[in-house]
Each structure stands twice: as C-alpha cells, then as structure tokens.
Amino acid sequence: MNYSLGAMHQFAQANMGNSEVTKDNFVPSFSIKKSTYLMCAPDHFEVSYVINPWMAGNVAHADHTIAQQQWNVLVSEISSIANVQRINAKVGVPDLVFTANGGVVRGNKVVLSRFRHVERQAEEIHFEQWFTAHGFEVLKLAPDLPFEGAGDALLDRHDDLMWFGHGHRSDLACAEPLARMLEVEVQPLRLVDPRFYHLDTCFCPLEGGEVMYFPDAFDAASQAVIADRVPAHRRVIVSAEDALDFACNSVNCGAHIFLNRASKALVSSLVQRGYTVHQTPLTEFLKAGGAAKCLTLKLNEPVSMVEQMTLASEKPAICG
Ligand code: ARG
C-alpha cells in the first residue's frame, strides 16, 4: 500500500512535458544547488540512556574529546562542498546532535518529529524553535503519532517519492498525513531488525538515482516493494558487515558520499558509479546508534524532481 497525491503527479507530468529535460534524457541528479545541512555540535553529547541496541553497554562510554574531533572532521569535510547551519547544543538532550531526527523538510515545509521515547521528547521544542526562527512552515502530526523525521522519511532521488520506515520508531499511520502535508507519494517500508531502527541506518537514496540498502533490515514484503520500484541496476546491496559499520548512514551530496566506514567492495562499487567516498570515522556516535547521516538534516530539499532536474540541467554534475 502506498500513499500518493494525484495532483502532485499531474503537476509534475505537465511540467515534464513543457521542459526540455525529461526523465529519459536526464542523468539524475548531481544538482548545482549547494546543499545546506543542519548540524549540532556534540557539546553535550553522551550516551546517557538506552533506547536502541547500540547504546546498550555504552552508557557514559562515549569519549567526549574524540567525539568532538570526529564531528569537527565531518563538518569540515561536508563544508568543503556544502553549507552547514547549526542548532545550539542544549544540556540534558544528548541526542540533539542527531539532527536528522528533528523533522523532515521538503521545500519550505518541515514536519516536526514526535519522538517515541520520552528520553528524546525534550528535543522537540528546540527543533520547533529553530525551524520557526528560520522561516520554515512548521507542520505537526497528531499528538499520538510517533514520527522521527528524516531518520525514517527519505526522499528518493530518482522519483517523486518519499520512502518511509516504520516498525520501530515512526508509526505507519504517519504515512497518509505525511503524503498530504508534503504533497508527495509516500512508500512505507517495514523495518524488522532492532539494530536498524531508523530507515537511514539501512537505506540511502543516492543522487544518481540508486538506492543503497541492507535488505535483511526489511520484512519480505518491503524487500519486494524495493525490488519492484527500483530496477536492479539502481540497487546497491550492502553486506551485513558494511551495514553494521553504518555504511548506509551516508551523507550523499552530489557525487560525494560521506560515511563512517565502508569495505573495499562497497567503495569500488560506488566509485564505479561515479561517486567519491569519504570515510570519516564516527566511532563515538556509533555508541549512540548513529553516524554521518544521522548527524545531518538536509534543509533545502527540492519540492519535486522537476525542480531538481531543472536545476541540474543548467550546469554540469557537481554539487556546490
Ligand atoms: N540515540 C539516538 C536514538 O536512538 C540515535 C539517533 C540516530 N539517528 C538516526 N537518524 N538514525 O534515537
């Protein structure tokens, strides 16, 4: 079952016909628009509670100095090709550093998160204040619907489609209101392995139109949905070893991919597809169950593939 918004597709189709750029002649989508990411310094980062399997046994075990260094390297690498905006760290909300969970952005709209676990609920007001102060149209789901933002809601880079992970944190019932609020088709995927509790821990749409993912994190029906919607040549299957190193938790900006660690085989398969892979160790954040992608939230997501394609058609395939 998926949730689509007919009007959005008609609009996209109409524009597609008027444009010189079509899905057939366009190589998606190393856009010229410089990406902007929201990040939060790990000033108050620590593993202080256990809400996912990675945190078990790691309470108080994150090294603050190393975390700071690792985060600084990630920021400087991303800053070389993209903009980084910051939300101030706050005492008492150590996981605020994982800005991917603040909400999900599309165009000028943001749907705010409602955290499943009480430990993270105090973050909600900080994200709401930040988005309001920065001119976003702030939208909220019903109070009883857990939703963890861009941890579970990821825009495809080939089709006008939002992939939506549920089963651990976000509630399946968010799919329909998300589709309505963000005017995009939403495709739910059921997550079944507690180690891969957010969609962005095991699934990553890439700007060349591929999806990089770890199949065993999904139930059989969802694996079939992915195989049905994404042709084999655009599926990058990640091994358990790479998935456990958070390789799927990548920040992909144009032809660049930033991640904690990847095997030679995965790096070479990405290089063959035209990507440059930047391995930037994030061991201290893995102790909390997050890595590169979790530490960022893309703030300038295109409203449609038409916008993305038009932008990309104006200049060659380099981000930034
Ligand atoms: N400790 C955090 C939690 O369990 C980690 C969040 C990681 N974020 C992500 N987008 N996967 O909620």
Side-chain angles (χ1 to χ4, degrees), residues 37-42 44-62 64 67 70-71 74 78 87 89-90 92-105 110-124 126-127 146-155 162-171 174 189 191-205 212-214 217-218 238 243-252 258-260 282-299 301:
Y37 297 95
L38 180 64
M39 297 182 71
C40 173
H44 302 294
F45 170 69
E46 181 48 282
V47 181
S48 330
Y49 44 76
V50 177
I51 56 172
N52 69 53
W54 301 88
M55 300 174 101
N58 274 323
V59 169
H61 284 176
H64 195 259
Q70 293 179 335
W71 189 85
L74 181 67
I78 292 177
I87 179 171
K90 301 276 180 335
V93 277
D95 278 339
L96 192 71
V97 73
F98 298 115
T99 50
N101 298 123
V104 64
V105 174
V110 60
V111 180
L112 292 179
S113 292
R114 292 192 181 283
F115 288 93
R116 178 171 291 275
H117 297 292
V118 68
E119 289 87 343
R120 294 199 68 184
Q121 287 167 1
E123 295 176 39
E124 292 170 11
H126 300 303
F127 284 117
F147 171 63
E148 300 205 354
D152 277 328
L154 300 174
L155 282 168
M162 180 171 274
W163 300 98
F164 175 61
H166 64 97
H168 298 302
R169 297 294 182 86
S170 299
D171 197 301
C174 298
L189 298 173
L191 299 165
V192 292
D193 183 329
R195 296 170 302 177
F196 302 103
Y197 58 93
H198 279 141
L199 183 63
D200 70 359
T201 63
C202 52
F203 187 93
C204 183
M212 173 166 74
Y213 69 111
F214 175 53
F218 300 90
V238 167
L244 291 167
D245 280 336
F246 275 70
C248 298
N249 199 246
S250 286
V251 178
N252 171 215
F258 303 91
L259 48 73
N260 171 58
L282 293 162
T283 53
E284 299 320 290
F285 300 99
L286 259 65
K287 294 174 184 171
K293 160 67 175 56
C294 307
L295 293 166
T296 65
L297 176 63
K298 192 169 172 194
L299 291 172
E301 291 285 11

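Ligands are counted one by one from 1 in listed order, and the atoms in each one are counted from 1 as well. What's counted below: heavy atoms across the whole structure, side chains too, no hydrogens, waters or symmetry copies.
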Parallel, tilted or perpendicular: which describes the rings of Phe218 and Phe203, with under 30° parallel and over 60° perpendicular?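 Because their plane-to-plane angle is over 60°, the rings of Phe218 and Phe203 count as perpendicular.
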For the side chain of [X] and the backbone of [Y], is there at least one donor-acceptor N/O pair under 3.5 Å apart?
X	Y	result
Gln70	Thr283	yes
Asn249	Cys294	yes
Thr99	Leu38	yes
His198	Ser170	no
Asp171	Phe147	no

Just how far is it from atom [atom1] of [X] to atom [atom2] of [Y], taken to the nearest 0.5 Å?
X	Y	atom1	atom2	answer
Lys293	Lys298	NZ	NZ	11.0 Å
Phe285	Trp54	CZ	CH2	15.5 Å
Cys204	Trp163	SG	CH2	12.5 Å

Give the atoms of ligand 1, by number and element, whose distance to some non-hydrogen atom of [X] is under 4.0 Å.
X	value
Ile51	3 (C), 4 (O), 12 (O)
Asp95	1 (N), 2 (C), 3 (C)
Gly289	7 (C)
Arg169	3 (C), 4 (O), 12 (O)
Ala100	10 (N)
Gly151	10 (N)
Ala288	1 (N), 2 (C), 5 (C)

Can you pull out the closest protein heavy atom to [atom]? Residue, atom name and distance to 0.1 Å, please.
atom	answer
atom 7 (C) of ligand 1	Tyr197 OH, 3.3 Å
atom 9 (C) of ligand 1	Cys294 SG, 2.9 Å
atom 8 (N) of ligand 1	Asn101 OD1, 2.8 Å
atom 10 (N) of ligand 1	Asp200 OD2, 2.8 Å

Met55, portion touching ligand 1 at heavy-atom distance under 4.0 Å: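 For Met55, the contact with ligand 1 is made by the side chain alone.
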From the candidates His168, Glu123, Arg120, the one that places a heavy atom nearest atom 6 (C) of ligand 1: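 When every heavy atom of His168, Glu123, Arg120 is considered, Arg120 comes closest to atom 6 (C) of ligand 1.
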